[in-house]
Number of protein chains: 2
Amino acid sequence: MTPSEQKEQTERTLRADARRNRERVFEAARELFARDGEGVQMEEIASHAGVGIGTVYRHFPTKGALLTEMVRTRFQRFTEIALAAEQIEDPWEAVATLLTESSVAVEGDAGFQMAMMGVEDLEWEGIEQEKAAFAAPAERIIERAVEAGAVRSDMSVDDIPMLMCGITSTMYFAPGGAEWRRHLDLVLAGLRPG
Amino acid sequence: MTPSEQKEQTERTLRADARRNRERVFEAARELFARDGEGVQMEEIASHAGVGIGTVYRHFPTKGALLTEMVRTRFQRFTEIALAAEQIEDPWEAVATLLTESSVAVEGDAGFQMAMMGVEDLEWEGIEQEKAAFAAPAERIIERAVEAGAVRSDMSVDDIPMLMCGITSTMYFAPGGAEWRRHLDLVLAGLRPG
DNA sequence: GACTATACGGAATCCAGATTCCGTTTGTCA
DNA sequence: TGACAAACGGAATCTGGATTCCGTATAGTC
């Protein structure tokens, strides 16, 4: 029995109400995590989901596990963005779009912002797979841009988390505003060759 | 009686051992705050200072008050840096030095990094005076650079906290490393005109 | 040296949240 | 429909820290 079959069976075994509740908890957590970041309270998630606190814990062993799950899900959005950006013809546009769209994806999600900024307690362990899925297309985009002379020759994939982290911190520092667009603007200018 | 005379008298009234202990607590707090950030524990500060926890609270009403005092003190360093940078002849060098030295000042001080990044609980209220003292020379530096065409014409003082916040987040994200220098490098490139 | 206002130490208290536990309810299946 | 395993709710418990309190110690003053 492969792991996935095993998982499938576990899911099949889940009682109907249990599956529904798990979904509700997850949805509530997503919403509140986006609003309040890691400061969300388990009680609040429970009541927002319309279930008891015990039910939350039955589905997610700890708060950390729940939040990591949020981060993992959100992170996948980056990969979608990278894959889409890769289709853009112009090498520079591809890079610019990658960073811009990624920023937009983070906007308005306090929890993900915190994760991007490396706030403790938000685990980045266990999402290596997601990271790799993002890194592949991102790397191709950058390599192409470097070869085309559209960005400084020393740009690398590793610059992306670094820069995103910076832009995110602007969002976090000045929430609700558009200052981060200026930050992004500056960063993009800094990436140009020469 | 002016406020300053009043304060002076209060200080004069402080018993010798009290003054000494206050100093010790402050010093311990500075050290541990730099190491652990806002996560420092009051008990730890007390024992590190060689006093009882009660003594810490006699001198600083709450943890927040103590940390704010730390931030205020640290912030003053920025003003010194700005005043020094203002003396630099070359307009671009002045800007570059301002940002570089400010970054260096933050390096290795986790507490101040958190404050720069706007982590909650670290109060920025009550240090308006320090902010203004920094803004004045910084503004002159930037104005001069803009007029000389050494930086993009739309650069403003408000860009400084934004960019510093970003660079700081890199330090925080990759502590101990020198990645932030690359981030600074990119940011400086982005500030250049055109 | 005695007296008193100040300070001190640190055990006890408070508090906010996460996590556990168990009596009750509900879905599933024969 | 009855039986029972699977889930549920939420009160009770646990925890890590901040903050308070009060009996004791000491600097300053005569």
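The shown structure was predicted, so the numbers you read here are calculated from the model rather than taken from an experiment. Chain letters run A, B, ... following the sequence lines, proteins first and then strands; every chain starts at 1.
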Nearest whole Å is fine: how far is C:dT13 P from B:Ile53 CD1? 17 Å

On DNA chain C, does the nearest nucleotide to B:Thr55 precede the nearest nucleotide to A:Met42 from the 5' side, or the other way round? Give the residue. B:Thr55

Within this structure, what is the CZ-to-P distance between A:Arg19 and D:dA7, rounded to whole angstrom? 10 Å

Nucleotide nearest B:Ala16 (side chain, heavy atoms from C-beta), chosen from D:dG9, D:dA27, D:dA6: D:dA27

As a test of reading the structure: which of D:dG17, D:dA7, D:dA27 is closest to the side chain of B:Gln41, going by heavy atoms? D:dG17

Would you say C:dA7 has OP1 or OP2 under 4.0 Å from some side-chain N or O of B:Asn21? no

For B:Ile45 and C:dG9, what is the distance between atoms CD1 and P respectively, to the nearest whole Å? 15 Å

Would you kindly give the CG-to-P distance between A:Leu14 and C:dC29, to the nearest whole Å? 13 Å

Whole angstrom value for the distance that separates P of C:dA18 from NZ of A:Lys63: 4 Å

Cation over ring, A:Arg22 on A:Phe60, under 6.0 Å and within 45°? yes

Taking atom types as they are modelled, would you say the side chain of B:Arg58 forms a donor-acceptor pair with the base of C:dT6 within the 3.5 Å cutoff? no

Carboxylate-amine/guanidinium proximity below 4.0 Å for A:Asp109 and A:Arg77: no

Taking NZ, NE, NH1 and NH2 as the nitrogens, is one of them in A:Asp154 or B:Arg182 under 4.0 Å from a carboxylate oxygen of the other? yes

Do A:Phe173 and A:Ile167 sit in the same hydrophobic cluster, where Ile, Leu, Val, Met, Phe, Trp and Tyr count as joined when their side-chain heavy atoms come under 4.5 Å apart? no

Starting at the 5' end of DNA chain D and moving along, which residue's nearest nucleotide shows up first, A:Val56 or B:Tyr57? A:Val56

Without decimals, in angstroms, what is the distance between A:Arg24 CZ and D:dG9 C1'? 14 Å

Length of the CD-C1' vector between B:Glu43 and C:dA11, whole Å: 10 Å

Output the rounded distance in Å from CG (A:Asp36) to P (C:dA18). 12 Å

I want to check one thing: is the phosphate of C:dA7, taken as OP1 and OP2, less than 4.0 Å away from some side-chain N or O of B:His59? no

About how many Å separate CZ of B:Phe112 and CE of B:Met171, when rounded to the nearest 0.5 Å? 11.0 Å

Pick the closest DNA chain D nucleotide for B:Gly54 and for B:Arg20 by heavy atoms, then say which residue is nearer the 5' end. B:Gly54

